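These notes are about the structure you will find just below.
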Amino acid sequence: MPRGRGLSSPSAACLFILSSLLHHLRGLNICTSGSATSCEECLLIHPKCAWCSKEEFGSTKFITSRCDFVENLITNGCAGELETPKSSINIVENLPLSSKGSSLTLSDVTQIMPQKISLNLRPGDKTSFRVQVRQVEDYPVDLYYLMDLSLSMKDDLDNIRNLGTKLAEEMRKLTSNFRLGFGSFVDKNISPFSYTAPRYQNNPCIGYKLFPHCVPSFGFRHLLSLTDKVDRFNEEVQKQKVSRNRDAPEGGFDAILQAAVCKEKIGWRKEASHLLVFTTDDVPHIALDGKLGGLVQPHDGQCHLNEANEYSASNQLDYPSLALLGEKLAENNIHLIFAVTKAHYILYKNFTALIPGTTVEILHQDSNNIIQLIVKAYNSIQSKVELTVWDNPEDVSLTFTATCQDGLLYPGFRKCEDLQIGDTVSFEVSVEARSCPAENTSHSFTIKPAGFRDTLEVEVAYSCTCGCMKQMERNSSKCSGNGTYTCGLCECDSGYLGSKCECEEGKSGNMYQNMCREAEGKPVCSGRGECSCNQCICYKSEFGRIYGLFCECNDFSCARYKGVLCSGHGECHCGECKCHAGYIGDNCNCSTETNRCISNDSQMCSGRGNCVCGKCQCTEPGAFGETCEKCPTCPGACSTKRDCIECMLHNSGGLADNQTCPKHCKDEIITRVDVLKTDDQHSVLCVYPVNDCVMKFTYSELPSGKSNLTVLKKPECGSAPNALTILLAVVGSILLIGIVLLVVWKLLVTIHDRREFARFQSERSRARYEMASNPLYRKPISTHSLDFTFNKLSKSYNGTID
């Protein structure tokens with residue numbers, strides 16, 4: 001049977017992912033390790049893999065892989081018959097960028113280059129192309145003003161009655177070709193969004209004292225198509241009256257969608273920038289809110305304006321979703337400008353992250369800054385370029401690198417900002433096919449700057465087939481007339497086997513195959529070779545030799561240690577390590593020698609551990625080193641270091657006597673100091689007596705494995721006590737104690753006296769004496785009375801003399 005495409009898209013994707021993982025293994029030939037059995041499978045393994053279609057290729061004893069790197073195939077004698085397609089790019093349309101947009105034929109204005117390319121992609125072989133974008137000067141602008149006419153926007157309506165004239169004057173400073181349109185919205189005229197009782201049908205403001213008269217609620221009303229006659233805009237605005245809905249959110253998203261998709265009635269021009277200004281002072285209803293009113297049918301994204309230019313499906317369809325809004329705005333190249341009050345700025349700012357090409361500005365409560373807001377938003381839109389991708393195929397990945405006005409590269413970015421009109425920016429687009437789709441499949445996608453009408457159309461074809469497939473030979477003599485010859489291989493007809501289809505299965509059916517199995521149920525040739533007429537031909541492997549009657553053995557599948565086969569101390573035979581003398585273990589990593597475990601004191605691991613596989617394993621807590629010879633916390637550690645100090649500095653001690661000092665103390669670095677520092681946390685302090693004195697030293701272990709010993713130059717010796725100093729100290733202590741006792745006594749007496757005096761004063765204040773009742777008391781003044789009579793000047797007086 002002829003060999004077709006053979007691999008489904010999921011299978012191809014899995015094979016390609018596997019090859020990507022194999023590619024990261026150092027030293028591995030990903031082409032041969034992929035075990036490709038056809039040219040198509042080989043192309044999917046890795047973009048550097050090639051297929052040899054030469055008839056006579058390889059050895060008769062071993063199967064040489066036809067899928068390999070180009071240089072390997074050429075070395076093996078396959079020059080000139082290689083299948084190695086590459087990804088390619090063909091620029092189909094590449095008109096130059098325009099500089100101005102005010103020409104008579106606006107259809108000739110070009111803002112993106114190139115306009116159309118075709119790609120031929122081989123899976124995994126990345127290719128790239130450059131896209132340039134320029135915003136031309138004096139480009140036409142269509143602006144549609146969409147206003148919330150709920151009752152809270154009454155003062156705003158009063159302030160924009162002459163907006164058209166003023167706005168046109170400002171916009172004509174930016175473009176000579178400007179048109180203006182107008183529409184309004186409130187909300188769906190159903191409960192609970194609006195007042196639906198009969199008494200509110202004609203005037204929903206009945207009973208509202210602040211504003212008792214208003215028009216009935218409506219979803220969206222298109223009032224003025226885009227026109228350059230700004231006076232008509234002023235006239236339409238002056239005719240408008242506000243309405244009243246029940247809940248706070250408005251039905252603005254319904255209005256935005258209708259203004260975007262009803263292109264003919266709104267009057268959007270293809271050769272113009274499209275601005276949609278949305279003004280409101282409240283939050284919008286979004287998808288699923290319509291269920292509150294019984295609207296379960298999702299929005300269909302279509303235009304539903306009736307003859308009166310009113311939204312006719314307002315009471316039948318749910319509110320649109322953010323995704324649907326973003327899709328329709330992008331389809332129609334519309335820049336949406338949210339002009340909202342400060343209280344709702346954050347909410348609408350979050351919407352801009354979900355709807356590409358959207359900006360938000362803060363609107364004053366009475367809309368008196370609307371003109372400055374629109375001009376600012378327009379300049380902001382014109383100052384940035386952002387690429388969007390439409391209909392990107394699932395098996396094609398795109399990466400962008402932006403080169404903005406500063407000339408720097410920004411990998412992963414598809415957006416440039418802070419641009420001036422007329423600036424040109426470029427983007428490097430890298431394209432890679434992850435897998436192969438079904439045979440004869442082609443895809444296309446579109447790259448489009450947000451809000452632009454210009455696009456780059458990209459056609460994608462796939463290089464997943466080999467050229468040698470066109471030279472297929474049925475019933476070929478190269479296959480003994482029993483098969484189809486394709487790309488150097490034979491595909492045998494039913495009932496025939498062998499590399500040349502030279503063997504016939506016969507009545508047994510699987511006779512030849514069974515003779516190539518080690519046991520019933522096991523793979524043919526252990527899965528490592530091919531059965532050719534009841535004899536296994538083993539595959540060739542870059543890792544080593546595959547051998548055996550059934551290709552069951554190899555010399556590379558044994559246990560490894562640190563990545564080395566059999567630890568380098570043995571040979572691999574049929575999956576088992578045969579260790580050299582002196583080594584044992586599954587991977588021959590365990591040495592039976594103990595010489596390296598003997599410490600300087602001729603003990604095994606210094607008596608602090610066991611010798612395992614030629615290395616000491618220390619069992620004493622705190623011990624370390626090649627022979628566990630280092631142990632700062634072990635008993636006797638200071639004694640060992642003392643022996644080295646005595647023999648190396650003073651040529652004394654037991655080590656000096658038996659001439660083992662150089663060997664035993666070869667790793668000791670001794671430093672003599674006048675003052676010993678004992679505050680180092682990593683050092684151990686040792687002390688030992690020397691002739692009624694004390695010798696001190698510290699030691700610490702260095703990273704190099706040596707010990708650093710710091711020793712005092714002279715022992716510390718105590719001096720005789722001074723009798724005078726002791727006498728003075730005793731006398732001074734006695735005097736100090738006496739003074740302290742006197743002070744304490746005086747303090748206690750003073751406290752006692754003060755308490756007694758206070759008690760006396762208290763008793764005295766409570767005493768009350770009656771002076772008149774005291775029998776011992778006598779007044780200090782006496783009074784006596786005398787009766788007398790005398791005459792003076794013939795007058796007589798009677799009186800009393802005191």
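Everything quoted here is computed from the prediction, not taken from an experiment.
Atom SG of Cys466 is separated from atom CD of Gln471 by 11.5 Å, given to the nearest 0.5 angstrom.
Between Cys525 and Cys538, the SG-SG separation does not fall below 2.5 Å. Between Cys501 and Cys492, the gamma sulfurs sit within a distance below 2.5 angstrom. Pairing of Cys31 with Cys42 by a disulfide is not supported, the SG atoms lying 2.5 Å or further apart. Cysteines Cys558 and Cys566 have SG atoms no closer than 2.5 angstrom. Not less than 2.5 angstrom separates the SG atom of Cys516 from that of Cys536. For a disulfide, the SG atoms of both cysteines must be under 2.5 angstrom apart; this holds for Cys416 and Cys404. SG distance check for Cys303 and Cys262: under 2.5 Å. Per the SG-SG cut-off, Cys579 and Cys588 are bridged by a disulfide [distance under 2.5 Å].
Annotation for Glu55: atom CD counts as buried by contact number, over 12 foreign heavy atoms lying within 6.0 Å. Other residues, nucleotides and ligands contribute over 12 non-hydrogen atoms within 6.0 Å of the CG atom of Asn72. By the neighbour-count criterion of 12 heavy atoms within 6.0 Å, atom CD of Glu93 is densely surrounded, having more than that number from other residues, nucleotides or ligands.
Looking at Glu457 and Thr446, their side chains do bring a donor and an acceptor atom within 3.5 Å of each other. Inspection of the Asn554 and Ser557 side chains reveals an N or O donor paired with an N or O acceptor under 3.5 Å. Side-chain contact annotation: Tyr410 with Asp406, donor-acceptor N/O pair under 3.5 Å present. One side chain, Asn333 or Lys448, offers a donor N or O that lies under 3.5 Å from an acceptor on the other. For the residue pair Ser426 / Arg130, a side-chain donor-acceptor distance below 3.5 Å is found, with atom types taken as modelled. A donor-acceptor contact closer than 3.5 angstrom links the side chains of Tyr462 and His443. Side-chain contact annotation: Ser463 with Arg122, donor-acceptor N/O pair under 3.5 Å absent. Looking at Tyr547 and Asp555, their side chains never bring a donor and an acceptor atom within 3.5 Å of each other.
When all heavy atoms are compared, the tightest approach of Lys500 to Cys490 is CA-SG, 4.4 Å. Of all heavy-atom pairs spanning Lys328 and Leu257, the tightest one is CG-CD1, 3.5 Å. In terms of heavy-atom proximity, Ser430 sits nearest to Lys126 at CB-CD, 3.9 Å. In terms of heavy atoms, Asp318 sits closest to Leu288 at OD2-N, 2.6 Å. Nearest heavy atoms, Val296 versus Lys291: CG1-CG, 4.5 Å. Listed here is the closest heavy atom pair of His573 and Lys578: CD2-CG, 3.3 Å.
Classified by interplanar angle (parallel below 30°, tilted 30° to 60°, perpendicular above 60°), the ring pair His299/His304 is perpendicular.
Taking the six-membered ring for Trp and the full ring otherwise, the centers of Phe253 and Phe351 sit less than 6.0 Å from each other.
Cation-pi geometry between Lys478 and Tyr485 is met: the NZ or CZ atom falls under 6.0 Å from the ring centre, inside 45° of the normal.
Proximity of Pro123 to Leu43: side-chain heavy atoms (C-beta onward) are nowhere separated by under 4.5 Å. When side chains are defined from C-beta on, Glu473 does not count as touching Thr484, because their heavy atoms never get closer than 4.5 Å. Taking 4.5 Å as the limit, some side-chain heavy atom of Glu552 sits within range of a side-chain heavy atom of Glu518.
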Open item on the list: Under the criterion side-chain contact (heavy atoms from CB on, under 4.5 Å), I'd like the reasoning laid out for Leu121 against Val431: C-alpha separation, chi angles, the key distance, then a yes or no.
Closed with: CA-CA 8 Å; Leu121 300 180; Val431 190; 3.7 Å; yes
Task: side-chain contact (heavy atoms from CB on, under 4.5 Å) between Leu398 and Phe445, intermediate numbers included - done: CA-CA 11 Å; Leu398 301 175; Phe445 61 91; 3.9 Å; yes
TODO: Could you please spell out the steps behind the disulfide bond (SG atoms under 2.5 Å apart) verdict for Cys67 and Cys49?
DONE: CA-CA 6 Å; Cys67 184; Cys49 294; 4.5 Å; no
Task: From CA spacing to verdict: side-chain contact (heavy atoms from CB on, under 4.5 Å), Glu386, Glu417 - done: CA-CA 9 Å; Glu386 181 177 4; Glu417 297 180 326; over 6 Å; no
TODO: Using the side-chain contact (heavy atoms from CB on, under 4.5 Å) rule, take Val460 and Val458 through it: C-alpha gap first, then chi angles, then the decisive distance, then the call.
DONE: CA-CA 6 Å; Val460 182; Val458 182; 4.2 Å; yes
